[in-house]
Amino acid sequence: MHKYFRNSTVFQLAFAILVSLMLLAGLFVPVQAGDDRTDRLFTIRDIKVDEVASRASQARETALEKAEMQAYQTLIRKLAQEDGRQRLPELARPEIQALITAIEVVEEQSSSRRYLATLNVRFEPNVVSDLLAKYNVPHVLSTGQGILVLHGHKRGLTELLWEQDQAVEAARERVDWVNRIRGYVFPRGEIAERAAVTFGEVQTLSAGEVKEIALRYDVRDALLISSEWTMGAYGPELSYRYRSTDGGMQGDGIIDEAPDEVTGLASMYENVLETIDSAWRSQLLVDTGTGGEIIALVPTTSLDVLTNIQARLEDVSLVREFRTVEIGLPFSRIAFSYTGREDQLVLALRYAGLDLGSYGRERLLGPRTEAK
């Protein structure tokens with residue numbers, strides 16, 4: 001039997017002071033999903049255009065039209081699975097423009113006949129969601145958790161992990177790492193990181209200390225990729241394997257039709273990223289017409305545990321708002337409303353580092369326990 005603070009005078013007085021301070025700081029008011037995460041999801045960045053026409057104004061107009069179309073197509077690939085995308089009709093330019101709220105010019109150059117630019121295109125979330133709902137296309141409502149990428153590549157006797165390599169760098173330049181459902185980051189290759197993770201560990205997809213390195217970059221998990229460029233029976237080929245530490249997703253493949261190593265590596269990156277992103281989307285696709293509310297016990301053995309759970313709830317896109325119902329020792333109660341199905345919520349909470357389970361007849365929300 002757990003006892004709430006009304007049964008403990010000492011705890012009541014101490015905790016009441018802390019709660020008062022937290023109330024003043026706004027920590028116990030209903031919290032909405034962060035606008036920044038929504039903005040990142042519905043903004044397509046680094047669209048590069050290069051057009052030539054008889055006049056600079058015409059080249060610019062053509063470039064903007066192509067940028068709008070490219071941004072729209074990239075956004076839909078980001079939000080929805082392939083089967084859902086196939087249900088959408090082709091949109092004319094005015095229809096695409098109706099979805100766009102702003103076009104930001106990051107870089108721009110023009111001459112009498114040529115226009116070059118790098119653009120960011122922002123879409124209106126509600127209008128895009130309405131379009132997808134009209135054609136019954138489930139879609140994600142927020143970006144996924146970030147993930148650290150560690151790639152070990154072998155070419156003959158050369159083993160590459162922390163070393164600079166022209167082919168690997170050129171392949172990465174060909175891949176869109178930015179406009180993804182997840183945020184992919186690469187390590188800086190500091191001395192401590194090089195000492196903690198070796199080529200052999202990445203080659204065997206051993207997690208080792210990679211999650212500790214991931215925390216340096218404000219992410220909790222890592223994507224390990226091992227590849228080798230060899231001469232096969234019918235010509236050069238790239239074989240690869242990969243594993244992500246969040247859920248243990250893994251796979252492999254062979255690319256045997258690439259004309260060169262750079263193309264093979266770029267194709268490998270695209271295949272792996274699409275598989276990872278697709279798996280994430282399948283977990284978090286949301287029918288915005290469903291939802292509910294849950295009242296759950298949360299551990300309050302210390303104030304840090306409670307505030308940590310609240311902070312993690314803020315990162316869950318399916319959670320619309322939450323409030324603290326009761327504060328006690330060793331449990332408190334939190335009520336939160338959510339969008340989507342409950343099984344989707346459970347998975348979303350898991351990716352945020354939380355477990356939603358049962359405690360007798362009640363629900364229990366606590367920090368996720370990692371399997372050993």
Just by distance, do the side chain of Glu95 and the backbone of Ala92 share a donor-acceptor pair under 3.5 Å? yes
Just one of Arg60, Lys66, Arg113, Arg114 clears the salt bridge (Lys or Arg N to Asp or Glu O under 4.0 Å) bar with Asp50, so which one? Arg114
Pairing donors with acceptors under 3.5 angstrom, does anything connect the side chains of Thr339 and Arg320? yes
Under 3.5 Å side-chain donor-acceptor pair for Gln58 and Thr62: no
Is a donor from one side chain sitting under 3.5 angstrom from an acceptor on the other, for Ser302 and Asp304? no
Answer yes when Glu274 and Arg77 have at least one side-chain N-carboxylate O distance shorter than 4.0 Å, and no when they do not. no
What distance do Asp221 atom CG and Thr245 atom OG1 have between them, rounded to the nearest 0.5 Å? 3.5 Å
The test is salt bridge (Lys or Arg N to Asp or Glu O under 4.0 Å); show your working for Lys48 and Glu107 and say whether it passes. CA-CA 9 Å; Lys48 299 186 184 302; Glu107 294 180 350; 5.7 Å; no
Scan residues 107-138 for pairs that pass ring-ring contact (aromatic ring centres under 6.0 Å, His included), counting only residues two or more places apart or in two chains. none
Side chain to side chain contact (heavy atoms under 4.5 Å, CB included) assessment of Leu297 paired with Leu365: CA-CA 6 Å; Leu297 296 173; Leu365 178 68; over 6 Å; no
CD/Glu257: more than 12 non-hydrogen atoms of other groups inside 6.0 Å: no
Lys134 meets the side-chain hydrogen bond (donor to acceptor under 3.5 Å, both in side chains) criterion, sequence neighbours left out, with none
Does a donor on one side chain sit under 3.5 Å from an acceptor on the other, for Gln81 and Ser278? yes
Is it the case that the ring center of Tyr269 lies less than 6.0 angstrom away from the ring center of His151? yes
So, Trp280 side chain and Ile181 main chain: donor-acceptor pair closer than 3.5 Å or not? no
Looking at Glu270 and Arg180, is there a salt bridge between them, counting it only when a charged N and a carboxylate O are closer than 4.0 Å? yes
Partners meeting salt bridge (charged side-chain N to carboxylate O under 4.0 Å, His left out) with Glu193 (sequence neighbours left out): none
Are Glu261 and His153 close enough that a side-chain donor and a side-chain acceptor fall under 3.5 Å? yes
Quick one: do the Thr263 and Arg174 side chains pair a donor with an acceptor below 3.5 Å? yes
Distance (rounded to the nearest 0.5 Å) between Leu223 CG and Ile276 CD1: 5.0 Å
Considering only NZ, NE, NH1 and NH2 on the basic side and carboxylate oxygens on the acidic side, decide whether Arg368 and Asp355 come within less than 4.0 Å. no
List the steps, then state whether side-chain hydrogen bond (donor to acceptor under 3.5 Å, both in side chains) holds for Thr198 with Gln203. CA-CA 9 Å; Thr198 66; Gln203 187 180 40; over 6 Å; no
Taking the ring of Tyr359 and the ring of Phe331, is the distance between their centroids below 6.0 Å? yes
Gap between atom OH of Tyr72 and atom CD of Gln97 - 0.5 Å precision: 13.5 Å
Parallel, tilted or perpendicular: which fits the ring planes of Tyr338 and Phe336, with parallel below 30° and perpendicular above 60°? tilted
When Arg220, Arg182, Arg350 are each screened for salt bridge (Lys or Arg N to Asp or Glu O under 4.0 Å) with Asp246, the one that passes is Arg182
Residues Arg241, Glu228; criterion salt bridge (Lys or Arg N to Asp or Glu O under 4.0 Å); working and verdict: CA-CA 9 Å; Arg241 298 182 302 128; Glu228 184 173 7; over 6 Å; no
Charged N-O contact under 4.0 Å between Glu163 and Arg155: no
Look at the side chain of Arg194 and the backbone N and O of Gly189, then say whether any donor-acceptor pair between them is shorter than 3.5 Å. yes
